[in-house]
Amino acid sequence: MRQSSVFENHSNSLLIPVLMVSVVTAATANTIIRRITLVPLKSYPYLLTQMQGVMYTIFYSTILWSRFKQNDGSVTLDMLTIPKRPFIWIGFWDCLGDILGNVGTGNLPGYQPPLLAKLNIIFTAMFSSWILKRTYNKSQIGAMAVVLCGS
């Protein structure tokens, strides 16, 4: 029996735009709140990064746990048995990038932090090519360039 997804169900035609707007709103709020908290807490970037990492871990673990408990096949046991070491390294380097970003963001003028944040796309692509052996086609590389030029 084939499971229908949210994207195939036409009765949820309003759900997809609402989810898209909520994701963009949450991402924008996350960026703004991070910048606001870095001004008074610029002397404590490590604390801020630790709090951010703990909150992300709780948030994404809750999503994974709830999707696994739904038993609808969206998260399978095979998915949970993949090697975790590459992802631990990716998380480590991402955390290091966040620490350096938090140290620098509190001391940079307004236009530079968003520009530097866009460089995450390039480093993520480089690490996924190196560690996960992921390849990108010309349109994906072009999309990365468009995002960078949009800063």
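As the structure is a computational prediction, the values presented were derived from the model and not from experiment.
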**Student:** Do F92 and Y46 belong together in a cluster built from hydrophobic side chains that touch within less than 4.5 Å?
**Tutor:**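 No.
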
**Student:** What about W89 and I82, same hydrophobic cluster or not, with Ile/Leu/Val/Met/Phe/Trp/Tyr joined at side-chain heavy-atom distances under 4.5 Å?
**Tutor:**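 Hydrophobic grouping puts W89 with I82.
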
**Student:** Please output the side-chain donor-acceptor pairs of residues 133-143 that fall under 3.5 Å, not counting sequence neighbours, one pair per line with the distance.
**Tutor:**
unit_1 : atom_1 : unit_2 : atom_2 : d
K133   : NZ     : W130   : O      : 3.1
Y136   : OH     : S128   : OG     : 2.4
N137   : OD1    : S139   : N      : 3.2
N137   : OD1    : S139   : OG     : 2.8
N137   : OD1    : Q140   : N      : 2.9
Q140   : OE1    : N137   : N      : 3.1

**Student:** Starting at CZ of F87, measure out to CG of L132 and round the result to the nearest 0.5 Å.
**Tutor:**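 Rounded to the nearest 0.5 Å, the CZ-CG separation comes out at 5.5 Å.
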
**Student:** Same cluster for M144 and V147 if Ile/Leu/Val/Met/Phe/Trp/Tyr side chains link at under 4.5 Å?
**Tutor:**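 In one cluster: yes.
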
**Student:** Grouping I, L, V, M, F, W and Y whenever their side-chain heavy atoms are under 4.5 Å apart, do W93 and F123 come out in a common cluster?
**Tutor:**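 Different clusters.
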
**Student:** For the residue pair S74 and D72, confirm or rule out a side-chain donor-acceptor distance under 3.5 Å.
**Tutor:**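 Yes, because at least one side-chain N or O of S74 sits under 3.5 Å from a partner of the opposite role on D72.
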
**Student:** How about F127: does its CZ atom have over 12 heavy atoms from other parts shown lying under 6.0 Å from it?
**Tutor:**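 Correct, the count exceeds 12.
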
**Student:** How about V24 and T28: do any of their side-chain heavy atoms sit closer than 4.5 Å?
**Tutor:**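 Side chain of V24 against side chain of T28, heavy atoms only: contact under 4.5 Å found.
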
**Student:** How many angstroms lie between atom NZ of K84 and atom CD1 of I90, to the nearest 0.5 angstrom?
**Tutor:**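 Reported value, rounded in 0.5 Å steps: 13.5 Å.
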
**Student:** Which atom pairs, donor and acceptor, lie under 3.5 Å between side-chain atoms of residues 47-58 and protein residues at least two apart or in another chain?
**Tutor:**
unit_1 : atom_1 : unit_2 : atom_2 : d
T49    : OG1    : P45    : O      : 2.8
T49    : OG1    : N102   : ND2    : 2.6
Q52    : NE2    : Y56    : OH     : 3.4
Y56    : OH     : N30    : ND2    : 2.6
T57    : OG1    : G53    : O      : 2.8

**Student:** Do V75 and L77 land in one hydrophobic cluster if side-chain heavy atoms of ILVMFWY residues count as linked below 4.5 Å?
**Tutor:**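 Yes, V75 connects to L77 through the hydrophobic network.
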
**Student:** Report, as yes or no, whether the 6.0 Å neighbourhood of atom CE on M20 holds more than 12 heavy atoms from other residues, nucleotides or ligands.
**Tutor:**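 Open: at most 12 neighbouring heavy atoms sit under 6.0 Å from CE of M20.
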
**Student:** Nearest 0.5 angstrom please: I121 CD1 to L148 CG, how far?
**Tutor:**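 Reported value, rounded in 0.5 Å steps: 5.5 Å.
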
